[in-house]
S.K.: 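Here you go, one structure.
A note on names: the letters A, B, ... follow the listed sequences, proteins ahead of strands, and every chain is numbered from 1. None of these values were measured; they are calculated from a predicted model.
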There are 2 protein chains.
Amino acid sequence: MPSRRDAIADDLRDRIATGRLKPGERLPSESHLAAQYRVSTPTLRSSLAVLQVEGLVEKAHGKGNFVRRPLRRITYVGGGRTLDGQTAADTALSVTVHTTRIRAGGHLAALLKVSASSPLTEFLCLSHEGERPHSLARIYVPCDLAPATALREPLPYGGMTTQLTQLHPPLAEVRERVSVRPPTPEEASTLRISSALAVLAITRQTADTAGRVVEAALLVLPGDRADAVFTTHYVIDEKGTER
Amino acid sequence: MPSRRDAIADDLRDRIATGRLKPGERLPSESHLAAQYRVSTPTLRSSLAVLQVEGLVEKAHGKGNFVRRPLRRITYVGGGRTLDGQTAADTALSVTVHTTRIRAGGHLAALLKVSASSPLTEFLCLSHEGERPHSLARIYVPCDLAPATALREPLPYGGMTTQLTQLHPPLAEVRERVSVRPPTPEEASTLRISSALAVLAITRQTADTAGRVVEAALLVLPGDRADAVFTTHYVIDEKGTER
DNA sequence: GAGTGGTCTAGACCACGAG
DNA sequence: TCGTGGTCTAGACCACTCA
């Protein structure tokens with residue numbers, strides 16, 4: 001037997017799917033809905049929570065619950081085609097970059113395969129699509145690979161990309177690990193997502209032909225809007241099929 | 001100011017991290033904990049819900065709340081190295097496969113780039129690691145590529161892999177789309193995960209050199225245990241850097 | 001100030017698991 | 001049967017938004 005919560009969530013989901021509740025529209029207040037469905041407000045709120053993690057409803061404290069506008073999906077393209085990973089070209093993204101010099105701690109040292117406390121340049125990137133926060137990226141590069149001017153005049157977004165593709169030795173391999181987890185409180189607030197919504201977390205390592213890790217990135221994308229796409233081509237040589 | 005819920009969740013998380021609550025151990029009952037923390041049971045339950053989506057606590061109706069044993073991570077390796085995508089070799093996975101003949105609906109037809117209602121063979125794979133459900137895979141192959149015996153004697157897991165790598169024309173490209181979403185009720189129950197825990201959903205298309213999609217797969221992995229790893233190599237030719 | 005959602009309470013009743 | 005978690009109630013009080 002379906003619970004009241006799920007039954008109400010199903011009904012509201014249907015009202016959204018069939019357009020009886022339109023994108024951007026405000027739902028009746030929680031107390032009104034609770035009265036309509038003849039349940040208590042906590043029960044009704046748990047129904048809304050279901051729709052919230054599905055990305056169908058957006059809550060705004062003091063204003064109401066709103067049907068989410070059909071969300072433009074974010075597509076992360078893997079494989080190092082764009083080093084920053086964002087399809088920054090087609091969507092008008094505004095990006096703020098903070099550049100800092102830090103020292104590798106335990107986690108970062110392992111990621112970049114450098115000794116602990118070796119100097120790194122951190123690019124902290126927050127991209128917006130209009131008013132809406134879009135994604136969060138922390139990119140780490142060994143200091144000798146980052147332009148010395150980066151601290152004073154931050155690179156434009158993607159500037160590090162062209163910088164790296166001209167390296168010697170050249171780039172050889174991109175390794176990306178995708179996982180899903182709840183956002184940290186900071187991530188939830190900067191991305192303006194509910195802490196109940198999972199994020200897509202991508203850890204990227206880029207290495208050159210000498211095996212040196214020239215870049216590592218920690219990317220965080222809101223789980224309800226983000227996809228990551230990876231394309232791998234098989235290469236045929238004389239001996240058989242390889243990768 | 002942190003809410004009571006978060007404060008209690010933080011405290012319990014700390015008790016788990018420092019080993020004062022050990023893996024597999026049963027927590028005090030919810031009413032006991034509520035009394036200890038001097039909150040009502042709904043408040044305490046919401047704290048446990050936080051730890052639950054973080055994968056630290058497991059609830060068992062009628063038995064209690066348990067600290068999760070450190071979970072062996074599932075790593076999906078992308079790029080078609082193993083067509084089934086599971087690292088079946090090193091972990092003792094038992095897999096049940098159900099083979100069915102179906103007709104492509106709208107979604108599947110688009111995925112396989114075939115006309116609607118063209119015949120497909122579906123491999124419904126549920127893998128277990130010991131007692132614990134591990135992952136769910138629905139693999140679709142055009143009927144003429146699936147061995148005719150598949151319906152009577154289901155292929156061993158991975159059998160379709162070797163079948164496909166020997167194709168003519170040979171395989172050319174694997175395209176994988178990773179996204180995160182809440183599980184469907186069926187997925188939640190077959191994978192034995194809470195419906196509040198997001199899953200990693202991977203849609204895979206494998207094409208041959210003629211551009212024909214020879215396989216499509218819908219993979220579902222529990223979000224608290226799963227990673228997906230993609231490795232891309234750059235190929236250098238005389239003209240410059242390519243992929 | 002009026003209305004909204006956010007948090008929390010102190011219970012009630014039901015469903016499940018184990019002895 | 002007993003203790004457990006699962007669901008739900010009918011409120012209270014606070015914080016936020018907007019007129």
S.K.: Grab the CD-C1' distance between A:E58 and D:dC16 for me, whole Å please.
M.R.: 16 Å
S.K.: Closest nucleotide of DNA chain D for A:K63 versus for B:H32: which of these residues is on the 5' side?
M.R.: B:H32
S.K.: Please give, in whole Å, the distance from C:dT7 C1' to B:L44 CG?
M.R.: 15 Å
S.K.: Atom CD of A:E30 to atom P of D:dG11: distance rounded to whole Å?
M.R.: 17 Å
S.K.: Which heavy atom in A:C125 sits nearest to a heavy atom in A:I139, and how many Å separate them?
M.R.: SG-CD1, 4.4 Å
S.K.: Just call it for A:R4: base, sugar-phosphate, or nothing, with non-hydrogen atoms closer than 4.0 Å on any strand.
M.R.: sugar-phosphate
S.K.: For the side chain of B:R5, starting at C-beta, report the closest nucleotide among C:dG11, D:dT4, C:dT7.
M.R.: C:dT7
S.K.: Atom CD of B:Q52 to atom C1' of D:dG6: distance rounded to whole Å?
M.R.: 12 Å
S.K.: Does B:N65 put a side-chain nitrogen or oxygen below 4.0 Å from OP1 or OP2 of D:dG5?
M.R.: yes
S.K.: Are A:R45 and C:dG5 close enough that a side-chain N or O sits under 4.0 Å from OP1 or OP2?
M.R.: no
S.K.: Just to verify, which of B:L56, B:L12, B:I16 counts as forming a side chain to side chain contact (heavy atoms under 4.5 Å, CB included) with B:V67?
M.R.: B:I16
S.K.: Using heavy atoms to find the nearest nucleotide of DNA chain C for A:S29 and B:S46 separately, return the residue whose nucleotide is more 5′.
M.R.: A:S29
S.K.: Nearest whole Å is fine: how far is C:dG5 C1' from A:R26 CZ?
M.R.: 10 Å
S.K.: Nearest to the A:T43 side chain among D:dT9, D:dG11, D:dT17, which nucleotide is it?
M.R.: D:dT9
S.K.: Will you find, in the side chains of A:S46 and A:T43, an N or O donor that is under 3.5 Å from an N or O acceptor?
M.R.: no
S.K.: Less than 4.0 Å between a side-chain N and a carboxylate O, is that true for A:E30 and A:K63?
M.R.: no
S.K.: Between A:S179 and B:D227, is there a donor-acceptor pair closer than 3.5 Å when you use the side chain of the first and the backbone of the second?
M.R.: no
S.K.: Closest to the B:H61 side chain: D:dT4, D:dT7, D:dC8?
M.R.: D:dT4
S.K.: Tell me the interatomic distance from B:L33, atom CG, to D:dG6, atom C1', rounded to whole angstroms.
M.R.: 16 Å
S.K.: Let's see if you can work this out: which of D:dT4, D:dC8, D:dT9 has an atom nearest to the side-chain heavy atoms of A:S3?
M.R.: D:dC8
S.K.: Just how far, in rounded Å, is P of D:dG6 from CG of A:D6?
M.R.: 14 Å
S.K.: Nearest whole Å is fine: how far is C:dT7 C1' from B:I8 CD1?
M.R.: 12 Å
